Colleague: 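The structure that follows is given in the form of structure tokens.
These numbers come from the heavy atoms of this one structure, side chains and all, not from hydrogens, waters or symmetry mates. Start at 1 and go down the list; that is how both ligands and their atoms are numbered. The model shown is predicted, which means the values in this text are computed figures rather than measured ones.
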Amino acid sequence: QELSQEISAALLSTPEEVEAFRLKYLSKKGIIPSLFDEFKTIGGAEKKTYGKPLNELKKLAEEKFQSAKSTLENKNLTTSSNCDFTRPAHLLSVGSRHPVSMVIEEMIEIFSRIGFTVLDGPEIEDDWHNFTALNFPPDHPARDMQDTFFISKNPDMALRTHTSNVQVRAMETMKPPIRVLAPGRVYRNEAISARSHCFFHQIEGLYIDKNVSFADLKQTLLYFTESFFGKSKIRMRPSYFPFTEPSAEVDVYWGLENEVDYRITKGTGWLEILGCGMVDPNVLQACGIDPNEYSGFAFGIGIERIAMNRYQIPDIRMLSENDVRFLRQF
Ligand code: PHE
């Protein structure tokens, strides 16, 4: 009884007092545990007398200790850290989409409307898929160390120089009709400047079916530029790629007359956007498709230049520096 009065009366307002209380009553060598030790040694009849009050005493001390402890903790929270809990919370900053991603996503959306589906391929590629199956002669300059990052441990592997490797993978694994789109990053061993980088993005398009013609290619590209740039015209310049014949490079004339698309800022002009052509019969053959039965076209669109044009970005390096002051603007 005495002890229980003492415990009830104990003043526990500082951390020191709380700790002293714990030591005195509750710690291993404290009063209550030693009473329990003593309790073990007494006879059966006395156990009946002392058991209940002893347990009550223990409960009293523990509750007193716990409540003093949590009162102290709450006090710390509100006073020492000087928090104003009524203040509005900080806004969580929401990320933005990267201009390269926005352009890629829009292109995928445009081509998906005419039946193209997206295919992925490796960025570390073997010679077969990046060059040989694409009809690159063994001594073609694009295989040269100047343009290609080879993997030093394995001369057969390189960082892909274009997304055309996915063309090969598509034709090897799918049966015509094939309509695929392969967006992704490519690498070239080039000097970095405001206009070119050693890595950038392309979207590859491939269509293989019976009787696919160059007219289909041109109309598909016009559909694309009108969807993406608004009213536009395209110009096809004869070109050369080992994997297409005939081949062309395509420029788009953007910002036509007074019908400038709202997404494009001021100005007009020709912009080179892609390389394309009819898939070379040698490529079809190498990928297991009969060139006498099927034909097709392919194109590879450069993403960065288009993103730079659309968002008036003066330097290609801004697209990969991850400067939040730049990224936040999109
Ligand atoms: N792979 C070519 C390049 O990177 C582009 C291209 C793709 C050309 C498909 C024709 C057909 O320049």
Colleague: Test side-chain hydrogen bond (donor to acceptor under 3.5 Å, both in side chains) on Glu17 and Ser13 and set out the steps.
Modeller: CA-CA 7 Å; Glu17 284 168 349; Ser13 48; 3.1 Å; yes
Colleague: Could you list the atoms of ligand 1 found under 4.0 angstrom from a heavy atom of Gln167?
Modeller: 9 (C)
Colleague: I'd like to check whether Glu204 has a polar contact with ligand 1, where a contact means an N/O of the residue lying under 3.5 Å from an N/O of the ligand.
Modeller: no
Colleague: Please identify which atoms of ligand 1 are closer than 4.0 Å to at least one heavy atom of Ser164.
Modeller: 1 (N), 7 (C)
Colleague: Examine Gln202 against ligand 1 and note whether any of their N/O atoms are separated by less than 3.5 Å.
Modeller: yes
Colleague: Report, in ascending order of atom number, the atoms of ligand 1 lying under 4.0 Å from any heavy atom of Arg188.
Modeller: 3 (C), 4 (O), 12 (O)
Colleague: Let me see the working for Arg195 and Ile316 under side chain to side chain contact (heavy atoms under 4.5 Å, CB included), right down to the final yes or no.
Modeller: CA-CA 6 Å; Arg195 296 294 297 167; Ile316 194 172; 5.9 Å; no
Colleague: Just heavy atoms, cut-off under 4.0 Å: does Cys276 contact ligand 1 by side chain, backbone, both, or neither?
Modeller: backbone
Colleague: Evaluate the side chain to side chain contact (heavy atoms under 4.5 Å, CB included) criterion for residues Leu217 and Val250: first the C-alpha distance (whole Å), next the side-chain angles of each, then the deciding distance (0.1 Å), finally the verdict.
Modeller: CA-CA 11 Å; Leu217 168 60; Val250 173; over 6 Å; no
Colleague: Side chain, backbone, both or neither: which applies to Glu249 and ligand 1 if a contact is any heavy-atom pair less than 4.0 Å apart?
Modeller: neither
Colleague: Using the ring centroid of each side chain, check whether His162 and Phe241 are separated by less than 6.0 Å.
Modeller: no
Colleague: With heavy-atom distances below 4.0 Å as the criterion, list the atoms of ligand 1 near Gly300.
Modeller: 6 (C), 7 (C), 9 (C)
Colleague: Please compare Ala298, Pro242, Ser247, Ala248 and report which has the shortest non-hydrogen distance to atom 11 (C) of ligand 1.
Modeller: Ala298
Colleague: State yes or no: are the ring centers of Phe299 and Phe111 separated by less than 6.0 Å?
Modeller: yes
Colleague: Between Thr161 and ligand 1, does any nitrogen or oxygen pair lie at a separation below 3.5 Å?
Modeller: no
Colleague: Taking the side chain as every heavy atom from C-beta outward, state whether Val103 and His201 have any pair of such atoms under 4.5 Å apart.
Modeller: no
Colleague: Between Lys64 and Ser8, what is the shortest heavy-atom contact and its length?
Modeller: NZ-O, 2.9 Å
Colleague: Just need the protein heavy atom nearest to atom 6 (C) of ligand 1, so name the residue and atom and give the distance.
Modeller: Gly275 O, 3.6 Å
Colleague: Where on Phe243 is there a heavy atom closer than 4.0 Å to ligand 1, on the side chain, on the backbone, on both, or on neither?
Modeller: side chain
Colleague: Between Arg169 and Glu172, is there a salt bridge with N-O shorter than 4.0 Å?
Modeller: no
